[in-house]
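Data block below; observations after.
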Amino acid sequence: MFVLGVLAGFSVVSILTYGYLSWENLNSKVHDRAENEIDKPTSQPHIIFILADDQGFRDVGYHGSEFKTPTIDRLAAEGVKLENYYVQPMCTPSRSQFITGRYQIHTGLQHSIIRPTQPNCLPLDNVTLPQKLKEVGYSTHMVGKWHLGFYKRNCMPTQRGFDTFFGSLLGSGDYYKHFKCDSPGICGYDLHEGENAAWEHDNGIYSTIMYTQKVVDILASHNPRKPLFLYLAFQAVHSPLQVPSKYLEHYKSITNLHRRKYAAMVTCLDEAINNVTLALKKYGYYNNSIIVYSSDNGGQPMAGGSNWPLRGSKGTYWEGGIRAVGFVHSPLLLNKGTLCRGLLHITDWYPTLVTLAEGQLEEDLLLDGYDVWETISEGMPSPRLDILHNIDPIYTKAKNGSWQAGYGIWNTAIQAAIRVGDWKLLTGIPGYSDWVPPQTFSGLMTNRWHKERVYWGLGKSVWLFNITADPYERVDLSRRYPHIVKQLLLKLALYNKTAVPVRYPPKDTRSNPQLNGGVWGPWYKDDEGKSSLVTNHVSKKKQKKKLKTKNKLKKKV
């Protein structure tokens with residue numbers, strides 16, 4: 001993996017407000033690095049990880065959408081489309097598993113998301129992906145949405161392995177004003193550079209455009225001969241549904257306003273990715289780069305998204321909540337222009353990217369992910385045989401769930417989901433389970449609901465599907481194959497033995513931004529958070545026991 005690039009003088013490029021870069025634009029503003037000096041070859045690739053927020057499975061051109069996504073479609077077509085790729089059903093869980101390579105049950109983040117007012121964050125005893133990459137010489141930068149907690153300074157992105165951070169700490173907010181209210185009277189500014197509020201950037205620029213500008217600035221000022229890790233976590237296309245008006249012109253035919261705005265946001269996102277790709281080529285990164293694209297969870301039909309023909313939505317463990325849009329684009333791929341149908345999960349990026357970066361994966365990292373590069377690049381079978389989608393012991397219990405329904409192996413009142421080979425098992429309350437076809441959004445005044453409603457009989461707390469044969473989860477096989485149900489319940493029970501206590505503390509009134517200069521940011525002192533961390537800390541001795549259990553799990557299907 002070698003790159004030839006050239007470096008001459010350059011200047012930082014600025015993008016005009018509400019505008020995008022073009023190839024000519026770049027040429028006019030920056031000296032081409034390919035003129036004077038040949039870069040020294042490096043075997044470490046530049047890694048660009050792009051995470052979209054709430055993009056539905058259907059909401060991309062190559063999945064049959066009416067949306068215009070030419071850049072995403074082209075990059076995916078020239079790379080490898082990941083068509084059996086899973087994430088988590090909500091923001092914090094996906095982000096935590098990406099950055100640690102570990103399941104939620106092993107970090108204490110099994111339940112919901114990290115709320116703005118909670119004294120909670122990604123546990124500090126986890127070694128993050130950027131920390132591992134820094135060990136082998138990478139420059140690490142994050143632009144966009146964090147959503148992994150910030151109640152104390154040690155939780156901030158620049159304390160978790162990133163050299164620089166520019167973006168938001170919360171899960172959502174105004175795209176122009178960067179302002180968020182968690183509840184009446186609990187409101188604050190949420191745009192940060194490093195560990196400080198970025199007041200100077202409060203100039204009304206749409207966040208998708210502003211984040212793209214920041215990325216181009218980073219690429220322009222960094223030396224491409226030094227390996228770069230860039231984590232670009234767009235706010236788009238999460239609600240609120242806001243977008244520059246010019247993008248709405250593409251979708252006059254969509255009369256449903258939610259769907260129309262959402263479509264325009266996706267197209268704006270697509271153009272942003274085009275500008276990032278142009279900058280990678282212009283500044284000498286592209287030939288030695290790996291671009292990974294992923295959504296963090298399924299789309300929300302109530303906010304314009306669509307996961308059709310998959311079942312369910314964001315926040316659920318049906319396929320529509322956890323099966324994601326994803327692809328890898330890179331000149332370093334051996335088999336380009338292909339589909340990867342191997343089983344992949346968001347935890348797999350950690351070991352895959354660290355290995356590509358020539359880093360070390362120590363046993364005590366207790367990873368749940370696998371190195372899947374050969375699966376993606378060469379079409380080899382995936383080393384992953386199963387996915388624990390989650391076990392949430394404090395989610396609302398299914399009224400009709402019981403140990404008896406779980407054959408004495410598992411209490412089916414508990415929300416849990418697992419995939420083993422072709423089989424997927426769900427217990428408890430999986431979440432909103434309807435199928436929402438695209439035509440639901442065809443008219444502004446039409447009923448947003450439809451005929452694809454599901455009414456389960458009393459006593460239903462276990463579902464079994466063959467996802468390979470029935471990816472749309474229309475045929476429940478739990479009664480036909482009780483022996484398969486028992487096998488998967490046993491697997492769940494084994495995983496549950498390795499779980500750590502849930503971290504989901506009550507809100508802290510000191511989190512109110514009005515007590516912190518009007519800004520969402522750390523409110524604990526460094527020594528105040530110790531007790532909450534100790535409460536959920538798993539000792540090294542216990543971790544070793546969990547590692548032994550997990551190694552057994554990996555050997556069994």
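Residue numbers start at 1 and run along the sequence shown.
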| task | Using side chain to side chain contact (heavy atoms under 4.5 Å, CB included) as the criterion, list what pairs up with S330, not counting sequence neighbours. | result | I290, L332, L333
| Pairing residues for T316 by the side chain to side chain contact (heavy atoms under 4.5 Å, CB included) criterion, not counting sequence neighbours | S313, W318, Y432
How about [X] and [Y]: are their ring centres within less than 6.0 Å of each other?
X: H389; Y: Y103; value: no
X: W199; Y: Y189; value: yes
X: F57; Y: H63; value: yes

Got a sec, which residues hit side-chain hydrogen bond (donor to acceptor under 3.5 Å, both in side chains) with [X], two or more places apart in sequence or on another chain?
X: R95; value: D296
X: K424; value: E319, E473
X: W349; value: Y85
X: R323; value: none

Under a 3.5 Å cutoff, is there a donor and acceptor pairing between the side chains of [X] and [Y]?
X: D392; Y: H111; result: yes
X: N297; Y: Q88; result: no
X: D59; Y: Y262; result: yes
X: T71; Y: D270; result: yes

Do [X] side-chain atoms and [Y] backbone N/O form a donor-acceptor pair below 3.5 Å?
X: H46; Y: R225; result: no
X: N466; Y: A469; result: yes
X: S65; Y: F67; result: yes

| Is the shortest side-chain N to carboxylate O distance from R311 to D434 below 4.0 Å? | no
Taking every non-hydrogen atom, the tightest pair across [X] and [Y]:
X: W520; Y: P116; answer: CZ3-CB, 3.6 Å
X: V216; Y: A279; answer: CG2-CB, 4.0 Å
X: A52; Y: Y293; answer: CB-OH, 3.4 Å

| Any side-chain heavy-atom pair from K214 and V143 closer than 4.5 angstrom? | yes
| said: According to salt bridge (Lys or Arg N to Asp or Glu O under 4.0 Å), who are the partners of E374, at least two apart in sequence or on a separate chain? | reply: none
Who pairs with [X] by ring pair (Phe, Tyr, Trp, His ring centres under 6.0 Å), at least two apart in sequence or on another chain?
X: H329; result: Y286
X: H238; result: none
X: F234; result: none
X: Y317; result: none

| task | Measure the spacing between CG of D190 and SG of C181 and express it to the nearest 0.5 Å. | result | 11.5 Å
| query | Passes side-chain hydrogen bond (donor to acceptor under 3.5 Å, both in side chains), Y370 versus T347? Steps please. | reply | CA-CA 8 Å; Y370 295 81; T347 53; over 6 Å; no
| message | Suppose the criterion is salt bridge (Lys or Arg N to Asp or Glu O under 4.0 Å): which pairs have a residue in residues 64-79, not counting sequence neighbours? | response | E66-R259, R74-E78
| Do the rings of Y231 and F98 sit parallel, tilted or perpendicular, given the 30° and 60° boundaries? | tilted
| Taking the inter-plane angle between the rings of H222 and Y285 on a 0 to 90° scale, is it parallel (under 30°), tilted (30 to 60°) or perpendicular (over 60°)? | parallel
